[in-house]
Structures are given as structure tokens and as C-alpha cells.
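As the structure is a computational prediction, the values presented were derived from the model and not from experiment. One is the number of the first residue; the rest follow in order along the sequence.
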Amino acid sequence: MIRRRSALVVSLFTFCLGLVAQPPLPQPDAVQGNIWYGAIPPNGAQAPLLVFLHGLGGTASYFWINNDMYTDAYNAGYRTAFISTNADNSPGNNTIAVNGIVVKNTIPTVARHFATRKMYLICHSKGGLDLQFAMATYPAIRALVKAVFTLGTPNQGSQMADWAFGPGKPYANSLGLLTPGMASLKVVNVQTYRSTFDPIFSAAGIPFFYLAGNSYTGNSLTALTGPVLLGLSGQANDGLVAPSEAPLPPAYATTLGVIADNHFLMGTGSVSFTYVQPQIIALESH
């Protein structure tokens with residue numbers, strides 16, 4: 001009896017594993033090599049398109065190397081694309097404005113590749129602001145966006161960036177935080193953008209959703225920066241962004257909540273996809 005039960009457990013486990021298909025790796029665009037296309041899932045030729053933007057210091061592969069976001073989206077039946085903000089797919093550390101131009105130059109290519117007029121944008125960290133710059137500055141980009149999800153994005157600016165280029169500069173330098181991209185996240189810089197972005201997005205009718213984190217454990221960098229941000233903000237945080245820095249105006253945006261995960265886990269499928277997918281299902285049903 002014990003052997004039969006053990007065999008049954010193994011069979012059920014193996015069956016469940018088989019339900020989680022591991023898709024083929026994304027492939028780069030033949031011309032713009034910083035655009036990567038995910039495999040088309042079975043019966044998914046006309047499925048909604050999810051386009052992913054990485055955060056500061058990241059690349060498109062953030063979403064499929066040691067990250068189940070691509071796999072989760074594929075198994076849920078969605079088409080996918082991923083954008084690196086550097087043409088050579090090196091880590092992206094440029095400013096919001098520079099990356100916004102990259103987004104402007106890549107999104108139309110993605111739309112043509114999939115022959116679609118609308119897509120969902122899912123952005124980790126600074127990627128959310130890079131996208132907002134492109135959307136606010138170029139109406140043609142806004143016209144292609146059905147909804148936006150920002151995961152751990154400092155939509156109101158980053159106190160960590162202020163600290164890094166202020167009193168914490170020596171320590172921040174040792175952590176590799178003194179990049180042009182980080183400087184562009186200073187609160188005064190982002191608030192200047194907000195004064196332009198928010199009226200445009202309020203009028204556009206494009207739904208935005210934002211998700212924040214409040215745990216900085218589990219990562220070597222956030223374990224160091226989290227206590228610093230706690231002292232600056234007075235809030236439990238994801239190590240780089242405090243929950244109070246993530247909101248967007250309720251005129252066009254909805255919170256997906258605050259979850260107990262660090263900044264780098266905020267963009268992973270196992271942490272965030274279950275918050276994103278129900279919103280896409282609801283929007284597709286309208």
C-alpha cells in the first residue's frame with residue numbers, strides 16, 4: 001500500500017510538472033537586436049501581446065534568466081516581446097529621456113512584427129518611467145498601448161537617488177549606484193516629468209496599474225540599501241523603492257497593492273504575474 005501511494009504521488013507530481021511548459025528562448029529581431037520575441041504559445045497567434053521593459057542596470061533577459069515571468073506569460077497563452085534599452089543588450093544605465101527614445105524606436109517595430117494595434121506594457125522599476133516618457137512625448141506610442149503595469153517603479157521619484165548623489169555618495173559609489181539613470185530618478189527630476197505626464201495620461205484614457213514591495217531581504221544589494229531607505233522614508237521598502245514612491249494619480253491609475261518582496265523579485269512572474277493577469281483578463285472581456 002505504501003509503495004502504491006508513493007507511486008501515485010510521483011505520478012501526480014510528474015503530471016503537474018508536465019503542465020508547466022518551458023517555452024523556447026526568445027529570439028532577437030533581425031534588425032533591432034535589442035528587441036526579443038517570445039515563442040507563440042499553442043493557439044496563441046491572435047492572443048494579447050505583453051511587452052516587457054526592464055529596470056535600471058537590466059536587460060531584456062531579466063525576464064527569462066532566473067525569472068519565470070516569460071514562462072508564466074507563455075503558459076497563460078500570451079504573445080510576448082522584451083526590450084533592452086541598450087542596442088547591444090548591455091546593462092541599461094541611461095537616463096529616463098535617453099531610454100524613452102529607445103522605447104519610441106522599438107515599440108512600433110514590435111507592433112509591426114505581431115501585426116497588432118494594441119499591446120500591454122509591463123515594466124519593472126525605472127522601465128516604467130522610461131515608458132511614460134515615450135508615451136507622453138510621442139502620441140503614436142500612446143496609441144499602441146492598451147494598459148500599463150509598473151512593478152516597483154519609483155513613479156514619484158527616488159529618495160534613494162537623492163541620497164546616492166548627496167550625503168550617501170561615497171557609499172553609493174561603492175555599490176555602483178552613481179549612474180546617469182539613477183541621477184534621473186532624483187525626486188525633483190521625476191516630479192518635473194510628472195507635471196507633464198499626468199495631464200496627458202489623465203486625458204488619454206489608458207489604464208495604469210502599479211505594484212509596490214516592502215521587504216528588502218533576500219538580495220545582497222537590497223539588504224544594504226533597504227535600511228538606508230527605511231531611515232530616509234520611515235517605511236518598510238523593497239530595498240530601492242518605498243511604497244509611497246510608487247503611486248500614480250487615481251485619475252488614471254489603480255494600485256495592485258503592496259507585497260512583501262524585494263525590488264528585484266518585483267519583476268518576477270511568481271511574485272507579480274498573478275497581480276497582472278486578472279487585470280488583462282478583465283480588460284480583454286470589455
Side-chain angles (χ1 to χ4, degrees), residues 53-58 85 92-101 103 123-137 148-202 208-216 219 221-222 224-258 262-264 266-267:
L53 293 175
H54 64 79
L56 186 64
T85 55
N93 287 302
N94 286 322
T95 66
I96 293 168
V98 169
N99 286 353
I101 294 172
V103 174
C123 311
H124 178 236
S125 190
K126 179 177 169 288
L129 288 163
D130 297 339
L131 172 66
Q132 289 170 56
F133 182 94
M135 290 176 64
T137 308
V148 176
F149 298 85
T150 69
L151 312 175
T153 297
N155 288 309
Q156 297 300 322
S158 168
Q159 296 172 79
M160 180 60 66
D162 288 351
W163 170 84
F165 286 89
K169 195 168 187 177
Y171 187 42
N173 184 52
S174 70
L175 296 176
L177 297 178
L178 301 184
T179 65
M182 190 69 164
S184 73
L185 293 175
K186 291 179 182 179
V187 172
V188 65
N189 294 336
V190 175
Q191 288 302 314
T192 299
Y193 284 133
R194 292 257 66 88
S195 66
T196 299
F197 294 173
D198 291 339
I200 292 172
F201 298 149
S202 293
F208 281 66
F209 303 89
Y210 58 90
L211 184 67
N214 65 2
S215 173
Y216 48 75
N219 177 272
L221 176 60
T222 61
L224 297 173
T225 56
V228 174
L229 185 53
L230 176 62
L232 295 170
S233 67
Q235 285 188 299
N237 59 81
D238 71 7
L240 290 171
V241 179
S244 61
E245 297 171 328
L248 290 164
Y252 64 85
T254 302
T255 180
L256 297 178
V258 179
N262 70 54
H263 189 72
F264 297 102
M266 291 295 296

Where does the angle between the aromatic ring planes of Tyr252 and Phe208 fall among parallel (under 30°), tilted (30 to 60°) and perpendicular (over 60°)?
->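 Correct class here is perpendicular.
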Non-hydrogen side-chain atoms of Met266 and Val241 separated by less than 4.5 Å =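 No, every pair of side-chain atoms sits at 4.5 Å or beyond.
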Closer than 3.5 angstrom, by distance alone: can the side chain of [X] be matched with the main-chain N or O of [Y] as a donor-acceptor pair?
X      : Y      : result
His124 : His263 : yes
Glu245 : Asn155 : no
Gln132 : Phe197 : no

Between [atom1] on residue [X] and [atom2] on residue [Y], distance to nearest 0.5 Å:
X      : Y      : atom1 : atom2 : result
Asn237 : Leu229 : CG    : CG    : 4.0 Å
Thr95  : Leu129 : OG1   : CG    : 11.5 Å
Phe209 : Leu248 : CZ    : CG    : 11.5 Å
Cys123 : Leu151 : SG    : CG    : 7.5 Å
Tyr210 : Thr254 : OH    : OG1   : 7.5 Å
Phe149 : Leu256 : CZ    : CG    : 7.0 Å

Please find the pair of heavy atoms, one from [X] and one from [Y], that lie closest to each other, and give the distance.
X      : Y      : answer
Gln235 : Ala242 : OE1-CB, 3.4 Å
Ala236 : Pro243 : O-CD, 3.1 Å
Gly55  : Ser125 : CA-CB, 4.0 Å

Residue list, salt bridge (charged side-chain N to carboxylate O under 4.0 Å, His left out) with Asp198, at least two apart or on another chain =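 Residues passing salt bridge (charged side-chain N to carboxylate O under 4.0 Å, His left out) with Asp198: Arg194.
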Can you sort out the partners of Asp238 under salt bridge (charged side-chain N to carboxylate O under 4.0 Å, His left out), two or more places apart, ordered by chain and number?
->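 Not a single residue meets the salt bridge (charged side-chain N to carboxylate O under 4.0 Å, His left out) criterion with Asp238.
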Side chain to side chain contact (heavy atoms under 4.5 Å, CB included) between Thr150 and Leu211, worked out | CA-CA 6 Å; Thr150 69; Leu211 184 67; over 6 Å; no
Determine, stepwise, if the pair Lys126 / Asn99 fulfils side chain to side chain contact (heavy atoms under 4.5 Å, CB included).
-> CA-CA 10 Å; Lys126 179 177 169 288; Asn99 286 353; 3.0 Å; yes
Pairs flagged by side-chain hydrogen bond (donor to acceptor under 3.5 Å, both in side chains) wherever residues 224-234 is involved - sequence neighbours left out =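 Non-adjacent pairs meeting side-chain hydrogen bond (donor to acceptor under 3.5 Å, both in side chains): zero.
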Checking side chain to side chain contact (heavy atoms under 4.5 Å, CB included) for the pair Leu221/Phe264: CA distance, chi angles, key distance, verdict?
-> CA-CA 10 Å; Leu221 176 60; Phe264 297 102; 3.9 Å; yes
Identify all side-chain donor-acceptor contacts of residues 161-173 below 3.5 Å with residues at least two apart in sequence or on another chain.
from, atom 1, to, atom 2, distance (Å)
Asp162, OD1, Val187, N, 3.2

Are Asp130 and Thr85 linked by a side-chain donor-acceptor pair shorter than 3.5 Å?
->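 Their side chains do not contain a donor-acceptor pair, so the 3.5 Å distance test is not met.
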Show every donor-acceptor pair shorter than 3.5 Å between a side-chain atom in residues 177-186 and any protein atom, with sequence neighbours excluded, or say none if there are none.
from, atom 1, to, atom 2, distance (Å)
Thr179, OG1, Met182, N, 3.1
Ser184, OG, Ile96, N, 3.3
Ser184, OG, Gly181, O, 2.7

Which residues share a ring-ring contact (aromatic ring centres under 6.0 Å, His included) with Phe133, sequence neighbours left out =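 With neighbours one apart ignored, the set is Tyr193.
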